[in-house]
Amino acid sequence: MKDVKEPTYTQFITGDIPRFDDRNTAFSKGQREGNKYTSMHNQCVENLKKKKKGKTVIDAATFSAGATVDYVVRKNLLGREIVPVYNTTHRLKSPDPEKISSIVKEKARWIGADLVGIAKTDPRWIYTHWGEQNVRYSQAAEVGDPIEIAEDYPYVIVMAHEMGYEMVKRSPAVEADTDIEYSKGAWCSASLATFIAELGYRAIPAVNEIGINVPLAVDAGLGEAGRNGQLITRDYGPRVRISKVFTNLPLVSDTPIDIGVQKFCEVCKLCSTYCPSKSLMKGERTDQPWNFHNAPGIKKWPIKAMQCLDFWVKNGNHFSVCIRVCPWNKPNNLLHKFVRFFVERNIMSKTIVYFDQLLGYGKQAKDLGYDIGTHLEPQEQGSGPPSKNWNQN
């Protein structure tokens, strides 16, 4: 790993990068046209009725449990400025940016973040307007409300939350670590924003709201952007979820890093090969978007986002196959740290990908069941909880 002056994506910029409208994400379009998230959850219920392996009532209950904090915190705290609870009259006087940055990172890790970095808020990565999906879950604004925060919140603290290696191996069966890490991201961003607000400074916590996570995380020195459209970190590969806090607390930005992802992704291509929805590119980078779900101005591997979401609906839950098969997705142990030495330097990349496949890494877990029957029976009227209306999330 080496520190670099500019994020590694800058070498691929070919023109102006227009700010992206949150209404143009696949999630927002899917909400407008067909309410795809509700359709996905309805398919999930059909899967558990049929006792589909890896998609039973136990599996569905697991991801629902993991998402509990996420739903509650998003609806009440994310995407809006945090109001201090106790210290409403004073402000920390002229904090030394370097010292307070160190303290903020200490608190982020104490709260539960696995990785944390700081960057200046780049306006290019801030959405122009609120979209349907983030409004639906956070209720922090109205669809189409403009977002202009870069000037008032010049710094962003970005956190990454590790997903479990064994859990990710289950995908495209139910993989509940996505849900619980979203809950951790909601908890961490809201808690860290509260810490900053109690110092007398402004802070907005967010997970998917407000801005685009991957380039913000790259700017903060947490990793690089990969072919699969994910942030690839040194220790966990793409097996992370991201949260963030925008603030006017004077901080010191971290240095972007180069861990060899750009050249390695040019060689590897496993995510595009094994993507069940065929949403990922196998070819060379391009600055031409597939459609309005992608932004121009930078050479990358654009994703067919709606095609990916449509597979979620068919599958009955989100899936992480592009994370599962990525050679960067390894336990952070001595063996893989040794291999990482060569990967980061782009030494024997083709050979490493070959042996990654030969040794069976990236394959779906064989044991997807639980040692309990998963037959269902109708609930007697009044004996169970009311059914969930996913339209109201």
Side-chain angles (χ1 to χ4, degrees), residues 1-3 8 54 62 66 105-106 108-117 158-182 184-185 188 214 217-218 220-228 230-243 254 257-265 267-271 273-274 319-368:
M1 181 180 77
K2 59 183 178 181
D3 294 338
T8 52
T62 303
K105 291 180 184 179
E106 173 197 328
R109 296 188 183 98
W110 171 70
I111 290 165
D114 294 299
L115 300 173
V116 57
V158 187
M159 293 169 281
H161 313 280
E162 180 194 4
M163 301 161 64
Y165 178 73
E166 293 299 327
M167 183 65 84
V168 167
K169 286 173 65 176
R170 292 173 54 88
S171 188
V174 171
E175 170 274 289
D177 266 27
T178 291
D179 302 278
I180 200 163
E181 296 311 323
Y182 270 128
K184 290 180 182 177
C188 288
V214 172
V218 173
L222 299 189
E224 295 185 70
R227 180 185 287 269
N228 60 5
Q230 305 275 348
L231 173 73
I232 296 184
T233 66
R234 188 170 189 256
D235 292 340
Y236 312 119
R239 191 168 26 88
V240 295
R241 294 291 153 177
I242 302 168
S243 67
D254 287 297
I257 60 173
D258 182 348
I259 55 175
V261 166
Q262 302 311 310
K263 290 184 178 179
F264 186 83
C265 283
V267 171
C268 177
K269 304 177 184 178
L270 290 183
C271 60
T273 300
Y274 289 101
F319 65 101
S320 304
V321 173
C322 58
I323 297 176
R324 191 193 81 204
V325 302
C326 177
W328 279 93
N329 171 36
K330 294 291 188 296
N332 193 28
N333 57 30
L334 186 61
L335 170 62
H336 297 299
K337 287 179 180 178
F338 174 74
V339 176
R340 188 190 300 151
F341 174 88
F342 297 97
V343 173
E344 290 180 0
R345 292 159 179 78
N346 299 122
I347 300 172
M348 302 188 298
S349 294
K350 289 185 178 180
T351 303
I352 289 170
V353 173
Y354 171 79
F355 277 102
D356 188 84
Q357 294 285 279
L358 184 67
L359 295 173
Y361 289 110
K363 289 186 177 180
Q364 186 181 24
K366 293 181 179 179
D367 184 9
L368 298 175

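Counting from 1, the numbers follow the sequence of the chain as shown. The structure presented is a predicted model; accordingly, all values stated were derived computationally and were not measured.
- In this structure, E344 CD and K337 NZ are separated by 11.5 Å, a value rounded to the nearest 0.5 Å.
- Looking at residues two or more places apart in sequence or on another chain, you find a side chain to side chain contact (heavy atoms under 4.5 Å, CB included) between N333 and P331, L335, H336.
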(message) Pair T351, F342 - check side-chain contact (heavy atoms from CB on, under 4.5 Å), show working.
(response) CA-CA 11 Å; T351 303; F342 297 97; over 6 Å; no
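- With sequence neighbours excluded, the residues forming a side chain to side chain contact (heavy atoms under 4.5 Å, CB included) with E162 are D114, Y236, R239, listed by chain and number.
- Residues meeting the side chain to side chain contact (heavy atoms under 4.5 Å, CB included) test with T178, sequence neighbours left out: M163, E175, Y182, R241, H318, S320.
- Contact of the C271 side chain with the C326 side chain is not registered, since no non-hydrogen atoms from C-beta on lie closer than 4.5 Å.
- Scanning both residues, V261 and A225, for their nearest heavy atoms gives CG1-O, 3.7 Å.
- For N332, the side chain to side chain donor-acceptor pair (under 3.5 Å) partners two or more places apart in sequence, or in a different chain, are R340.
- Nearest approach of G260 to E224, heavy atoms of both residues: N-OE2, 3.2 Å.
- Checking side-chain atoms of R324 against main-chain N and O of S171 turns up a donor-acceptor pair under 3.5 Å.
- Between the D177 side chain and the G164 main chain, a donor and an acceptor come within less than 3.5 Å of each other.
- In plain terms, the two heavy atoms of A173 and G54 that are nearest each other are CB-O, 3.6 Å.
- For the pair L231 and A217, the tightest heavy-atom approach, listed with the atom from each and the gap, is CD2-CB, 3.7 Å.
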(message) Apply side-chain contact (heavy atoms from CB on, under 4.5 Å) to residues C265 and I232 and explain how you reach the verdict.
(response) CA-CA 10 Å; C265 283; I232 296 184; 4.3 Å; yes
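- T62 is linked by a side chain to side chain contact (heavy atoms under 4.5 Å, CB included) to I58, A176, Y370, counting only residues two or more places apart in sequence or in another chain.
- Of the residues listed (V158, L115, L222, T233), the one engaging I242 in a side-chain contact (heavy atoms from CB on, under 4.5 Å) is V158, and it is the only one.
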Exercise answer: donor-acceptor pairs, residues 354-366 side-chain atoms, under 3.5 Å, sequence neighbours excluded:
residue	atom	partner	partner atom	Å
D356	OD1	K330	NZ	2.5
Q357	OE1	Y274	OH	2.6
Q364	NE2	R170	O	2.8

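- The ring-ring contact (aromatic ring centres under 6.0 Å, His included) search around F341 returns none, not counting sequence neighbours.
- Within the 4.5 Å cutoff, the side chain of V343 has no heavy atoms near those of the S349 side chain.
- Ion pairing between D258 and K263 fails under the 4.0 Å rule for side-chain N and carboxylate O.
- Closest approach of G112 and C188 over heavy atoms only: C-SG, 3.7 Å.
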(message) Applying side-chain contact (heavy atoms from CB on, under 4.5 Å) to Q230 and C322, what does each step give before you reach the verdict?
(response) CA-CA 9 Å; Q230 305 275 348; C322 58; 4.1 Å; yes
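- For D254 against A220, the heavy-atom pair with the smallest separation is CB-O, 3.5 Å.
- Put simply, the side chain of N329 never gets that close to the backbone of G237: no donor and acceptor are under 3.5 Å apart.
- Taking CG of D235 as the reference point, atom CH2 of W328 lies at 9.5 Å (rounded to 0.5 Å).
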